[in-house]
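Reading through the C-alpha coordinates given below for one structure.
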Protein chains: 2
Amino acid sequence: MARPPLARERVLDAYEAILIDDGERAATLDAVAKTAGVSKGGLLYHFASKDDLAAGLLQRLDDLVVADVAAMRTTAEGPVAYYVRTSVMEGNALDRALVAASRLAQGGNPAAAARLREVRERWADTLRPAVRDEAALQLVMLLSDGLYFNNAISGTISAEQPDDPFVPTGSALDALVALVERAVR
Amino acid sequence: MARPPLARERVLDAYEAILIDDGERAATLDAVAKTAGVSKGGLLYHFASKDDLAAGLLQRLDDLVVADVAAMRTTAEGPVAYYVRTSVMEGNALDRALVAASRLAQGGNPAAAARLREVRERWADTLRPAVRDEAALQLVMLLSDGLYFNNAISGTISAEQPDDPFVPTGSALDALVALVERAVR
DNA sequence: GTCTATATAGCGATAGAC
DNA sequence: GTCTATCGCTATATAGAC
(Lines give C-alpha, C1' and ligand atoms only; values in the text may rest on other atoms or scores of the structure.)
Protein backbone atom coordinates (compact mmCIF):
# COMPACT_ATOMS: atom_id res chain seq x y z
CA MET A 1 0.00 0.00 0.00
CA ALA A 2 2.81 2.40 0.87
CA ARG A 3 4.59 1.49 -2.35
CA PRO A 4 2.15 0.77 -5.17
CA PRO A 5 2.88 -2.23 -7.43
CA LEU A 6 5.46 -1.50 -10.13
CA ALA A 7 3.27 -2.96 -12.87
CA ARG A 8 0.56 -0.46 -12.01
CA GLU A 9 2.94 2.46 -12.51
CA ARG A 10 4.24 1.01 -15.75
CA VAL A 11 0.69 0.76 -17.08
CA LEU A 12 0.04 4.38 -16.15
CA ASP A 13 3.29 5.45 -17.85
CA ALA A 14 2.32 3.58 -21.02
CA TYR A 15 -1.18 5.08 -21.03
CA GLU A 16 0.29 8.57 -20.67
CA ALA A 17 2.84 7.99 -23.43
CA ILE A 18 0.26 6.77 -25.95
CA LEU A 19 -2.13 9.62 -25.15
CA ILE A 20 0.67 12.15 -25.70
CA ASP A 21 2.26 10.60 -28.78
CA ASP A 22 -0.72 9.19 -30.67
CA GLY A 23 -3.85 10.74 -29.18
CA GLU A 24 -6.86 9.53 -27.26
CA ARG A 25 -8.12 7.26 -30.01
CA ALA A 26 -4.95 5.20 -30.02
CA ALA A 27 -4.95 4.64 -26.25
CA THR A 28 -6.81 1.33 -26.28
CA LEU A 29 -6.45 -1.28 -23.54
CA ASP A 30 -4.63 -3.54 -26.01
CA ALA A 31 -2.13 -0.83 -26.96
CA VAL A 32 -1.54 0.24 -23.35
CA ALA A 33 -1.05 -3.34 -22.19
CA LYS A 34 1.37 -4.07 -25.03
CA THR A 35 3.44 -0.93 -24.36
CA ALA A 36 3.49 -1.64 -20.62
CA GLY A 37 4.61 -5.20 -21.30
CA VAL A 38 1.61 -6.88 -19.67
CA SER A 39 -1.43 -8.69 -21.04
CA LYS A 40 -4.84 -7.08 -21.21
CA GLY A 41 -5.97 -9.32 -18.36
CA GLY A 42 -3.00 -8.20 -16.30
CA LEU A 43 -3.83 -4.56 -16.95
CA LEU A 44 -7.43 -5.12 -15.91
CA TYR A 45 -6.33 -6.59 -12.63
CA HIS A 46 -4.79 -3.22 -11.65
CA PHE A 47 -7.44 -1.06 -13.30
CA ALA A 48 -10.89 -2.59 -13.33
CA SER A 49 -12.09 -0.58 -16.34
CA LYS A 50 -11.00 2.05 -18.80
CA ASP A 51 -12.64 4.73 -16.65
CA ASP A 52 -10.64 3.44 -13.72
CA LEU A 53 -7.47 3.81 -15.78
CA ALA A 54 -8.36 7.42 -16.56
CA ALA A 55 -9.08 8.01 -12.87
CA GLY A 56 -5.63 6.69 -12.03
CA LEU A 57 -4.06 9.18 -14.42
CA LEU A 58 -6.08 12.07 -12.98
CA GLN A 59 -5.06 11.07 -9.45
CA ARG A 60 -1.42 11.12 -10.51
CA LEU A 61 -1.94 14.59 -12.01
CA ASP A 62 -3.47 15.79 -8.76
CA ASP A 63 -0.53 14.62 -6.68
CA LEU A 64 1.93 16.33 -9.02
CA VAL A 65 -0.01 19.59 -8.96
CA VAL A 66 0.03 19.67 -5.14
CA ALA A 67 3.83 19.46 -5.28
CA ASP A 68 4.01 22.11 -8.02
CA VAL A 69 1.88 24.61 -6.11
CA ALA A 70 4.14 24.15 -3.10
CA ALA A 71 7.21 24.82 -5.26
CA MET A 72 5.54 27.87 -6.79
CA ARG A 73 4.95 29.42 -3.37
CA THR A 74 8.55 29.12 -2.28
CA THR A 75 10.57 29.80 -5.44
CA ALA A 76 12.99 32.75 -5.42
CA GLU A 77 12.02 34.20 -8.84
CA GLY A 78 8.39 34.53 -7.73
CA PRO A 79 5.26 32.64 -8.78
CA VAL A 80 4.65 34.47 -12.09
CA ALA A 81 8.08 33.84 -13.60
CA TYR A 82 8.03 30.28 -12.25
CA TYR A 83 4.60 29.63 -13.72
CA VAL A 84 5.33 30.99 -17.20
CA ARG A 85 8.73 29.36 -17.36
CA THR A 86 7.51 25.92 -16.32
CA SER A 87 4.63 26.13 -18.81
CA VAL A 88 7.13 25.37 -21.55
CA MET A 89 6.97 21.64 -21.63
CA GLU A 90 10.18 19.92 -20.68
CA GLY A 91 8.79 16.45 -20.58
CA ASN A 92 8.76 16.14 -16.80
CA ALA A 93 6.13 14.16 -14.92
CA LEU A 94 3.74 17.10 -14.42
CA ASP A 95 3.94 18.18 -18.08
CA ARG A 96 3.18 14.69 -19.25
CA ALA A 97 0.25 14.14 -16.90
CA LEU A 98 -1.19 17.52 -17.87
CA VAL A 99 -1.02 16.98 -21.63
CA ALA A 100 -2.39 13.46 -21.27
CA ALA A 101 -5.33 14.77 -19.21
CA SER A 102 -5.94 17.45 -21.82
CA ARG A 103 -6.12 14.78 -24.52
CA LEU A 104 -8.65 12.91 -22.44
CA ALA A 105 -10.71 16.06 -21.87
CA GLN A 106 -10.80 16.93 -25.58
CA GLY A 107 -11.66 13.34 -26.37
CA GLY A 108 -14.87 13.84 -24.41
CA ASN A 109 -14.01 12.62 -20.89
CA PRO A 110 -15.98 14.90 -18.53
CA ALA A 111 -13.99 13.88 -15.42
CA ALA A 112 -10.76 14.97 -17.10
CA ALA A 113 -12.26 18.32 -18.15
CA ALA A 114 -13.53 18.94 -14.62
CA ARG A 115 -10.17 18.04 -13.06
CA LEU A 116 -8.29 20.36 -15.40
CA ARG A 117 -10.50 23.22 -14.34
CA GLU A 118 -9.94 22.47 -10.67
CA VAL A 119 -6.20 22.41 -11.23
CA ARG A 120 -6.38 25.72 -13.05
CA GLU A 121 -8.23 27.31 -10.15
CA ARG A 122 -5.63 26.11 -7.69
CA TRP A 123 -2.91 27.74 -9.79
CA ALA A 124 -4.96 30.93 -10.09
CA ASP A 125 -5.32 31.16 -6.30
CA THR A 126 -1.56 30.81 -5.94
CA LEU A 127 -0.80 33.48 -8.55
CA ARG A 128 -3.42 36.03 -7.52
CA PRO A 129 -1.43 37.65 -4.67
CA ALA A 130 1.49 38.24 -7.08
CA VAL A 131 -0.36 40.20 -9.78
CA ARG A 132 -1.97 43.63 -10.01
CA ASP A 133 -5.56 42.71 -10.86
CA GLU A 134 -7.82 40.10 -12.45
CA ALA A 135 -6.96 41.15 -16.02
CA ALA A 136 -3.28 40.59 -15.22
CA LEU A 137 -4.09 37.21 -13.69
CA GLN A 138 -5.97 36.21 -16.81
CA LEU A 139 -3.11 37.30 -19.02
CA VAL A 140 -0.66 35.07 -17.15
CA MET A 141 -2.96 32.06 -16.97
CA LEU A 142 -4.11 32.26 -20.58
CA LEU A 143 -0.56 32.61 -21.80
CA SER A 144 0.37 29.50 -19.89
CA ASP A 145 -2.61 27.64 -21.34
CA GLY A 146 -1.48 28.74 -24.79
CA LEU A 147 1.99 27.35 -24.19
CA TYR A 148 0.58 23.99 -23.12
CA PHE A 149 -1.89 23.92 -25.97
CA ASN A 150 0.83 24.49 -28.54
CA ASN A 151 3.07 21.91 -27.03
CA ALA A 152 0.18 19.48 -27.11
CA ILE A 153 -0.50 20.19 -30.78
CA SER A 154 3.18 20.03 -31.69
CA GLY A 155 3.48 16.65 -30.04
CA THR A 156 1.03 15.21 -32.52
CA ILE A 157 3.33 15.84 -35.46
CA SER A 158 6.06 13.26 -35.58
CA ALA A 159 9.63 14.11 -34.65
CA GLU A 160 9.64 17.87 -34.92
CA GLN A 161 10.44 20.41 -32.28
CA PRO A 162 13.78 22.13 -33.04
CA ASP A 163 12.67 25.17 -35.06
CA ASP A 164 9.18 25.70 -33.71
CA PRO A 165 8.83 29.49 -33.45
CA PHE A 166 5.85 29.27 -31.09
CA VAL A 167 7.29 27.49 -28.11
CA PRO A 168 10.03 29.88 -27.04
CA THR A 169 13.14 28.61 -25.31
CA GLY A 170 16.39 30.12 -24.09
CA SER A 171 16.66 33.89 -24.52
CA ALA A 172 13.29 34.10 -26.31
CA LEU A 173 11.67 32.62 -23.21
CA ASP A 174 13.58 35.05 -20.97
CA ALA A 175 12.25 37.93 -23.08
CA LEU A 176 8.70 36.66 -22.85
CA VAL A 177 8.92 36.20 -19.07
CA ALA A 178 10.30 39.74 -18.72
CA LEU A 179 7.52 41.16 -20.89
CA VAL A 180 4.84 39.40 -18.88
CA GLU A 181 6.28 40.48 -15.55
CA ARG A 182 6.31 44.14 -16.69
CA ALA A 183 2.69 43.83 -17.82
CA VAL A 184 1.20 42.22 -14.73
CA ARG A 185 3.10 43.65 -11.80
CA MET B 1 -20.24 22.71 -58.29
CA ALA B 2 -20.62 26.43 -57.61
CA ARG B 3 -23.09 25.64 -54.85
CA PRO B 4 -22.23 22.42 -53.03
CA PRO B 5 -25.10 20.04 -52.20
CA LEU B 6 -27.03 21.05 -49.08
CA ALA B 7 -26.81 17.57 -47.57
CA ARG B 8 -23.01 17.81 -47.68
CA GLU B 9 -23.06 21.03 -45.67
CA ARG B 10 -25.54 19.57 -43.18
CA VAL B 11 -23.26 16.59 -42.65
CA LEU B 12 -20.31 18.89 -42.02
CA ASP B 13 -22.38 20.96 -39.56
CA ALA B 14 -23.38 17.81 -37.68
CA TYR B 15 -19.81 16.52 -37.55
CA GLU B 16 -18.63 19.88 -36.16
CA ALA B 17 -21.40 19.98 -33.56
CA ILE B 18 -20.66 16.51 -32.22
CA LEU B 19 -16.91 17.14 -32.07
CA ILE B 20 -17.52 20.34 -30.09
CA ASP B 21 -20.24 19.08 -27.75
CA ASP B 22 -19.22 15.48 -27.12
CA GLY B 23 -15.59 15.10 -28.26
CA GLU B 24 -13.79 13.17 -30.96
CA ARG B 25 -14.76 9.76 -29.63
CA ALA B 26 -18.46 10.48 -30.03
CA ALA B 27 -18.16 11.69 -33.62
CA THR B 28 -18.87 8.34 -35.30
CA LEU B 29 -20.33 8.03 -38.78
CA ASP B 30 -23.57 6.73 -37.27
CA ALA B 31 -23.88 9.68 -34.90
CA VAL B 32 -23.03 12.24 -37.58
CA ALA B 33 -25.46 10.72 -40.07
CA LYS B 34 -28.25 10.65 -37.50
CA THR B 35 -27.69 14.29 -36.45
CA ALA B 36 -27.51 15.39 -40.09
CA GLY B 37 -30.73 13.54 -40.83
CA VAL B 38 -29.27 11.20 -43.44
CA SER B 39 -28.40 7.50 -43.46
CA LYS B 40 -24.84 6.26 -43.14
CA GLY B 41 -24.93 5.30 -46.80
CA GLY B 42 -26.06 8.79 -47.71
CA LEU B 43 -23.22 10.30 -45.69
CA LEU B 44 -20.68 8.04 -47.38
CA TYR B 45 -21.86 9.17 -50.78
CA HIS B 46 -20.70 12.71 -50.00
CA PHE B 47 -17.61 11.74 -48.00
CA ALA B 48 -15.99 8.50 -49.10
CA SER B 49 -14.37 7.79 -45.73
CA LYS B 50 -13.94 9.20 -42.26
CA ASP B 51 -10.64 10.76 -43.31
CA ASP B 52 -12.45 12.42 -46.19
CA LEU B 53 -14.97 13.83 -43.73
CA ALA B 54 -12.14 15.28 -41.64
CA ALA B 55 -10.58 16.73 -44.80
CA GLY B 56 -13.89 18.44 -45.58
CA LEU B 57 -13.90 20.06 -42.15
CA LEU B 58 -10.30 21.24 -42.53
CA GLN B 59 -11.10 22.73 -45.94
CA ARG B 60 -13.99 24.64 -44.41
CA LEU B 61 -11.67 25.93 -41.69
CA ASP B 62 -9.20 27.10 -44.30
CA ASP B 63 -11.82 29.09 -46.21
CA LEU B 64 -13.01 30.78 -43.01
CA VAL B 65 -9.46 31.69 -41.98
CA VAL B 66 -8.80 33.38 -45.33
CA ALA B 67 -11.83 35.59 -44.72
CA ASP B 68 -10.78 36.27 -41.11
CA VAL B 69 -7.26 37.36 -42.08
CA ALA B 70 -8.76 39.78 -44.60
CA ALA B 71 -11.04 41.23 -41.90
CA MET B 72 -8.11 41.50 -39.50
CA ARG B 73 -6.11 43.59 -41.97
CA THR B 74 -8.86 46.13 -42.49
CA THR B 75 -10.51 46.52 -39.07
CA ALA B 76 -10.49 49.97 -37.45
CA GLU B 77 -9.41 48.83 -33.95
CA GLY B 78 -6.25 47.24 -35.37
CA PRO B 79 -5.24 43.59 -35.73
CA VAL B 80 -4.16 42.99 -32.10
CA ALA B 81 -7.41 44.12 -30.48
CA TYR B 82 -9.39 42.35 -33.21
CA TYR B 83 -7.45 39.12 -32.71
CA VAL B 84 -7.71 39.01 -28.90
CA ARG B 85 -11.35 40.03 -28.91
CA THR B 86 -12.42 37.48 -31.50
CA SER B 87 -10.52 34.74 -29.66
CA VAL B 88 -13.32 34.67 -27.14
CA MET B 89 -15.59 32.12 -28.66
CA GLU B 90 -18.92 33.49 -29.78
CA GLY B 91 -20.07 30.39 -31.57
CA ASN B 92 -19.60 31.77 -35.07
CA ALA B 93 -18.54 29.59 -38.01
CA LEU B 94 -14.80 30.17 -37.57
CA ASP B 95 -14.88 29.48 -33.82
CA ARG B 96 -16.70 26.25 -34.37
CA ALA B 97 -14.45 25.00 -37.16
CA LEU B 98 -11.39 25.87 -35.08
CA VAL B 99 -12.49 24.06 -31.93
CA ALA B 100 -13.63 21.06 -33.96
CA ALA B 101 -10.24 20.88 -35.70
CA SER B 102 -8.52 21.15 -32.34
CA ARG B 103 -10.52 18.18 -31.07
CA LEU B 104 -9.46 16.23 -34.12
CA ALA B 105 -5.81 17.16 -33.62
CA GLN B 106 -5.80 16.13 -29.98
CA GLY B 107 -7.58 12.93 -30.92
CA GLY B 108 -4.53 12.01 -32.96
CA ASN B 109 -5.33 13.24 -36.49
CA PRO B 110 -2.01 14.46 -37.93
CA ALA B 111 -3.61 16.37 -40.82
CA ALA B 112 -5.65 18.42 -38.35
CA ALA B 113 -2.57 19.20 -36.26
CA ALA B 114 -0.62 20.28 -39.34
CA ARG B 115 -3.46 22.47 -40.58
CA LEU B 116 -3.82 24.19 -37.22
CA ARG B 117 -0.16 25.11 -37.31
CA GLU B 118 -0.43 26.54 -40.82
CA VAL B 119 -3.41 28.62 -39.75
CA ARG B 120 -1.49 29.89 -36.74
CA GLU B 121 1.40 31.00 -38.92
CA ARG B 122 -0.91 32.91 -41.23
CA TRP B 123 -2.30 34.78 -38.22
CA ALA B 124 1.21 35.43 -36.93
CA ASP B 125 2.25 36.95 -40.25
CA THR B 126 -0.75 39.27 -40.14
CA LEU B 127 -0.10 40.37 -36.56
CA ARG B 128 3.68 40.80 -36.80
CA PRO B 129 3.67 44.33 -38.32
CA ALA B 130 1.42 45.55 -35.47
CA VAL B 131 3.60 44.50 -32.52
CA ARG B 132 6.94 45.64 -31.13
CA ASP B 133 8.95 42.41 -31.34
CA GLU B 134 8.76 38.62 -31.40
CA ALA B 135 8.19 38.32 -27.64
CA ALA B 136 5.18 40.61 -27.99
CA LEU B 137 3.90 38.57 -30.93
CA GLN B 138 4.20 35.41 -28.88
CA LEU B 139 2.36 36.98 -25.98
CA VAL B 140 -0.60 37.88 -28.19
CA MET B 141 -0.73 34.55 -30.00
CA LEU B 142 -0.33 32.43 -26.89
CA LEU B 143 -2.99 34.39 -25.06
CA SER B 144 -5.38 33.77 -27.94
CA ASP B 145 -4.53 30.06 -27.93
CA GLY B 146 -5.24 30.04 -24.20
CA LEU B 147 -8.66 31.58 -24.75
CA TYR B 148 -9.54 28.98 -27.35
CA PHE B 149 -8.17 26.16 -25.25
CA ASN B 150 -10.28 27.16 -22.26
CA ASN B 151 -13.39 27.55 -24.31
CA ALA B 152 -12.74 24.12 -25.75
CA ILE B 153 -12.36 22.60 -22.28
CA SER B 154 -15.39 24.45 -20.92
CA GLY B 155 -17.51 23.15 -23.77
CA THR B 156 -16.95 19.63 -22.55
CA ILE B 157 -18.76 20.22 -19.28
CA SER B 158 -22.48 20.19 -19.79
CA ALA B 159 -24.51 23.39 -19.68
CA GLU B 160 -22.17 25.75 -17.90
CA GLN B 161 -20.79 29.03 -19.09
CA PRO B 162 -22.32 31.92 -17.09
CA ASP B 163 -19.89 32.27 -14.18
CA ASP B 164 -16.69 31.02 -15.75
CA PRO B 165 -14.00 33.37 -14.44
CA PHE B 166 -11.49 32.36 -17.14
CA VAL B 167 -13.22 33.37 -20.32
CA PRO B 168 -13.59 37.11 -19.82
CA THR B 169 -16.47 38.99 -21.42
CA GLY B 170 -17.77 42.54 -21.36
CA SER B 171 -15.67 44.97 -19.30
CA ALA B 172 -13.28 42.21 -18.20
CA LEU B 173 -12.48 41.54 -21.84
CA ASP B 174 -12.02 45.26 -22.49
CA ALA B 175 -9.53 45.41 -19.60
CA LEU B 176 -7.62 42.43 -20.92
CA VAL B 177 -7.46 43.88 -24.45
CA ALA B 178 -6.20 47.19 -23.05
CA LEU B 179 -3.56 45.43 -20.96
CA VAL B 180 -2.33 43.43 -23.94
CA GLU B 181 -2.18 46.47 -26.20
CA ARG B 182 -0.10 48.36 -23.61
CA ALA B 183 2.27 45.42 -23.33
CA VAL B 184 2.88 44.73 -27.01
CA ARG B 185 2.82 48.10 -28.70
C1' DG C 1 -28.53 10.68 -54.61
C1' DT C 2 -30.17 8.13 -50.80
C1' DC C 3 -31.46 3.99 -48.77
C1' DT C 4 -30.97 -1.03 -46.25
C1' DA C 5 -28.28 -4.88 -45.40
C1' DT C 6 -24.14 -6.90 -44.44
C1' DA C 7 -19.07 -7.93 -44.18
C1' DT C 8 -15.05 -7.33 -41.32
C1' DA C 9 -12.33 -5.76 -37.74
C1' DG C 10 -11.35 -3.84 -33.28
C1' DC C 11 -12.99 -2.48 -28.85
C1' DG C 12 -13.95 -3.12 -23.67
C1' DA C 13 -14.79 -6.55 -20.51
C1' DT C 14 -15.43 -11.41 -18.43
C1' DA C 15 -14.08 -16.25 -17.23
C1' DG C 16 -11.19 -19.26 -15.65
C1' DA C 17 -6.47 -21.67 -15.83
C1' DC C 18 -2.01 -21.25 -13.78
C1' DG D 1 -0.87 -11.38 -9.85
C1' DT D 2 -0.70 -12.48 -14.57
C1' DC D 3 -2.04 -15.13 -18.34
C1' DT D 4 -5.15 -16.93 -22.64
C1' DA D 5 -9.50 -17.38 -24.65
C1' DT D 6 -13.67 -15.62 -25.79
C1' DC D 7 -18.11 -12.98 -25.62
C1' DG D 8 -20.91 -9.11 -27.16
C1' DC D 9 -20.92 -4.69 -29.01
C1' DT D 10 -19.87 -1.00 -32.01
C1' DA D 11 -17.08 0.93 -35.53
C1' DT D 12 -15.84 1.73 -40.58
C1' DA D 13 -16.77 0.46 -44.97
C1' DT D 14 -18.94 -2.12 -49.00
C1' DA D 15 -22.76 -3.94 -52.04
C1' DG D 16 -26.52 -3.38 -54.30
C1' DA D 17 -31.72 -2.06 -54.39
C1' DC D 18 -34.59 1.93 -55.35
Side-chain angles (χ1 to χ4, degrees), chain A residues 1-59 100-101 103-112, chain B residues 1-58 100 103-112:
Chain A
M1 184 61 86
R3 187 172 348 158
L6 280 161
R8 211 188 123 97
E9 293 302 304
R10 282 221 323 280
V11 167
L12 234 32
D13 289 343
Y15 185 44
E16 235 178 48
I18 295 171
L19 282 172
I20 293 167
D21 294 337
D22 306 317
E24 197 272 339
R25 203 92 190 226
T28 64
L29 295 184
D30 270 309
V32 171
K34 193 181 169 190
T35 303
V38 295
S39 69
K40 191 152 53 161
L43 187 161
L44 286 163
Y45 170 78
H46 292 289
F47 300 95
S49 68
K50 216 186 176 191
D51 268 10
D52 196 32
L53 182 57
L57 179 70
L58 295 178
Q59 182 56 54
R103 290 274 153 92
L104 241 34
Q106 299 245 343
N109 186 317
Chain B
M1 184 61 86
R3 185 170 351 156
L6 280 160
R8 213 188 122 98
E9 293 302 304
R10 283 220 323 279
V11 167
L12 234 33
D13 289 343
Y15 184 44
E16 234 178 50
I18 295 171
L19 282 172
I20 293 168
D21 295 337
D22 307 318
E24 199 272 340
R25 203 87 190 233
T28 65
L29 296 184
D30 270 311
V32 172
K34 193 181 170 189
T35 303
V38 295
S39 70
K40 193 154 47 165
L43 188 159
L44 285 163
Y45 169 79
H46 293 289
F47 300 96
S49 69
K50 218 190 175 189
D51 268 10
D52 196 31
L53 183 58
L57 180 70
L58 296 178
R103 291 274 154 92
L104 241 34
Q106 300 244 343
N109 185 317

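Source: prediction; values computed, not measured. In the text below, chain A, chain B and the rest are named by the order of the sequence lines, each starting its count at 1.
In this structure A:Asp52 satisfies the salt bridge (Lys or Arg N to Asp or Glu O under 4.0 Å) test with no other residue, sequence neighbours excluded.
Checking the phosphate oxygens (OP1, OP2) of C:dT2, no side-chain nitrogen or oxygen of B:Tyr45 falls inside 4.0 Å.
Scanning all heavy atoms of the two residues, the minimum distance from A:Ala27 to A:Leu19 falls at CB-CD2, 3.8 Å.
When the P atom of D:dA11 is taken as reference, atom CG of B:Leu43 falls 14 Å away, rounded to whole Å. Atom C1' of nucleotide D:dT2 and atom NE2 of A:His46 are separated by 8 Å, given to the nearest angstrom. With rounding to whole Å, A:Arg10 atom CZ is found 14 Å from D:dG1 atom P.
For the salt bridge (charged side-chain N to carboxylate O under 4.0 Å, His left out) condition, the pairs that include at least one residue of residues 22-33 of chain B, sequence neighbours left out, are A:Glu24-B:Arg25, A:Arg25-B:Glu24, B:Asp30-B:Lys40.
How far CG of B:Asp13 is from CZ of B:Arg8: 12.0 Å, rounded to the nearest 0.5 Å. Between atom OG1 of residue A:Thr35 and atom CD1 of residue A:Ile18 there is a gap of 3.5 Å, rounded to the nearest 0.5 Å.
Contact of the A:Leu29 side chain with the A:Phe47 side chain is not registered, since no non-hydrogen atoms from C-beta on lie closer than 4.5 Å.
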Legend entry - Base-contact (B) and sugar-phosphate-only (S) positions in nucleotides 4-18 of chain C, heavy-atom cut-off under 4.0 Å, - elsewhere: B------SBBB----
